[in-house]
Amino acid sequence: MIYTRVFEEQTALARGAAEVFVQAAVGAIAQRRRFVVALSGGSTPRSTYELLSSPEFASRVDWPRVHIFWGDERMVPPHHADSNYRMALESFLAKVAIPDTQIHRIRGELSAEEAAQAYAADLSATLGIGGRFDLILLGLGSDGHTASLFPGTSAVQEQVAPVAAVYVERLAAWRVTLTLPTINATRSVVFLISGSGKRETLARMRAGERLPATLIRPDSGQLLWLLDREAFGI
Ligand code: 6PG
């Protein structure tokens, strides 16, 4: 099922996303005694993560039963300004009681190939055979990328490996990313999209242009688009 919710502005979007996260966590823990989630990188989710560390939301999640992964990572050390891990650590992970062994970062200090292999092993050990994420949060780049599935890259074509190392020409940088088979196996995939800078990309997607983000179609799970009016263009 695909749902779209448009929020008046970015703060309301962040609150809506935090509510979705908490409800997914409560449901997964009630049904399976744990919640396995992959966070998005970039800047959009920061306000959602900050809300998750606030008493209003943090008090509702049994954090010791949460496993944190990432949808992708830049190949930089964990405390580098560009690290998706660092952004999540600062905005909420350092403020909630998730055991360190349950924070499964992509090791950006390694080579992309080594980091991808280590992350795939960690993912497999945690999810088990046939396992899948309860929730994956994704952003949208203006070129239609999501996670680090950039247009024209080999990672978008990957249909078997759960994780890929990918060189992004446009950025002249390596990335590690979850692949489409992993993302599309997820119980609930949620896009967080804010700002007028994403309006044109969303319009291209609605017009049927085949971009990496349009390939996100959960096999049996839910796809939720959370946008603000700025991004939606109304
Ligand atoms: C990353 C993200 C990437 C991001 C989009 C949107 O590592 O940059 O995973 O996919 O979600 O580029 O980024 P903003 O939220 O900063 O617009």
Side-chain angles (χ1 to χ4, degrees), residues 7 9-11 13-14 16-18 20-21 37-52 68-93 104-109 112 115-116 119 133 135-153 155-156 158 163-180 182-184 186 189-202 204-205 211-216 223-228 230-233:
F7 295 87
E9 34 73 42
Q10 198 277 336
T11 308
L13 168 63
V20 166
F21 183 105
V37 56
L39 302 179
S40 172
S43 56
T44 301
R46 182 186 286 271
S47 46
T48 297
Y49 299 163
E50 288 166 350
L51 278 173
L52 287 172
I68 300 282
F69 287 84
W70 277 259
D72 70 325
E73 187 57 279
R74 297 87 180 270
M75 302 321 293
V76 294
H79 298 296
H80 188 284
D82 292 346
S83 166
N84 288 334
Y85 162 79
R86 174 178 167 177
M87 188 274 275
L89 183 73
E90 289 176 344
S91 52
F92 96 102
L93 296 178
H104 308 267
R105 72 178 179 89
I106 299 170
R107 295 167 59 191
E109 67 277 19
Y119 194 54
F133 281 100
L135 174 67
I136 292 184
L137 301 179
L138 293 174
L140 176 70
S142 55
D143 61 356
H145 80 263
T146 190
S148 281
L149 300 171
F150 285 82
T153 64
V156 179
E158 181 57 58
V163 178
V166 56
Y167 184 74
V168 184
E169 292 286 346
R170 185 167 73 82
L171 303 175
W174 282 90
R175 294 280 187 96
V176 168
T177 185
L178 293 179
T179 56
L180 286 170
T182 303
I183 297 170
N184 284 333
T186 302
V189 179
V190 178
F191 275 96
L192 306 186
I193 304 174
S194 172
S196 57
K198 307 296 170 70
R199 194 177 297 177
E200 191 255 337
T201 310
L202 285 167
R204 288 165 57 193
M205 293 172 66
L211 298 170
T214 57
L215 302 177
I216 302 298
L223 176 59
L224 181 55
W225 293 83
L226 301 183
L227 320 170
D228 60 19
E230 277 281 294
F232 191 65

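Each ligand, and each atom within it, is numbered from 1 in the order the structure gives. Residue numbers start at 1 and run along the sequence shown.
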Minimum distance, heavy atoms only, to atom 1 (C) of ligand 1: which one of E73, K198, R74 is it?
R74
For L224 and V20 the tightest heavy-atom approach is CD2-CG2, 3.8 Å
Shortest non-hydrogen pair, T177 vs A155, comes out as CG2-CB, 4.0 Å
Among all protein heavy atoms in this structure, tell me which lies nearest to atom 13 (O) of ligand 1, with the distance rounded to 0.1 Å.
G42 CA, 3.9 Å
List the atom pairs, donor and acceptor, that lie under 3.5 Å between side-chain atoms in residues 145-153 and the rest of the protein, sequence neighbours left out.
unit_1, atom_1, unit_2, atom_2, d
H145, ND1, D143, OD1, 2.6
T146, OG1, G139, O, 2.7
S148, OG, D72, OD2, 2.5
S148, OG, R175, NH1, 2.7
T153, OG1, F150, O, 2.7

Element-labelled atoms of ligand 1 that are located less than 4.0 Å from some non-hydrogen atom of G139
11 (O)
What pairs with R105 under side-chain contact (heavy atoms from CB on, under 4.5 Å), at least two apart in sequence or on another chain?
W70, P78, Y85, R107, E109
With backbone taken as N, CA, C and O and side chain as the heavy atoms from C-beta onward, which portion of N84 lies under 4.0 Å from ligand 1: side chain, backbone, both, or neither?
side chain
For ligand 1, which atoms have a heavy atom of S40 less than 4.0 angstrom away?
11 (O)
Heavy atom to atom 3 (C) of ligand 1, shortest distance: which of G141, A147, S194 holds it?
A147
For ligand 1, which atoms sit closer than 4.0 Å to a heavy atom of R175?
1 (C), 7 (O)
Nearest to atom 16 (O) of ligand 1, what protein heavy atom do you find, and at what distance?
S43 OG, 2.7 Å
Hey, what's the ring geometry for Y49 with F92, parallel, tilted or perpendicular (30° and 60° as the breaks)?
tilted
Looking at every heavy atom in both T201 and G141, which two are closest together, and how far apart are they?
CG2-O, 3.6 Å
Measure across I193 and L13 and return the closest heavy-atom pair with its distance rounded to 0.1 Å.
O-CD2, 3.5 Å
Of all the atoms in ligand 1, which lie at a distance below 4.0 Å from a heavy atom belonging to D72?
1 (C), 2 (C), 7 (O), 9 (O)
Top protein contact for atom 15 (O) of ligand 1, by heavy-atom distance
T44 OG1, 2.6 Å
Expected output: side-chain R74 to main-chain N84 donor-acceptor under 3.5 Å:
no
Give the residue and atom name of whichever protein heavy atom lies nearest to atom 6 (C) of ligand 1, and the separation in Å to one decimal.
L140 O, 3.5 Å
Which of the numbered atoms in ligand 1 are under 4.0 angstrom from any heavy atom belonging to H145?
3 (C), 5 (C), 10 (O), 12 (O)
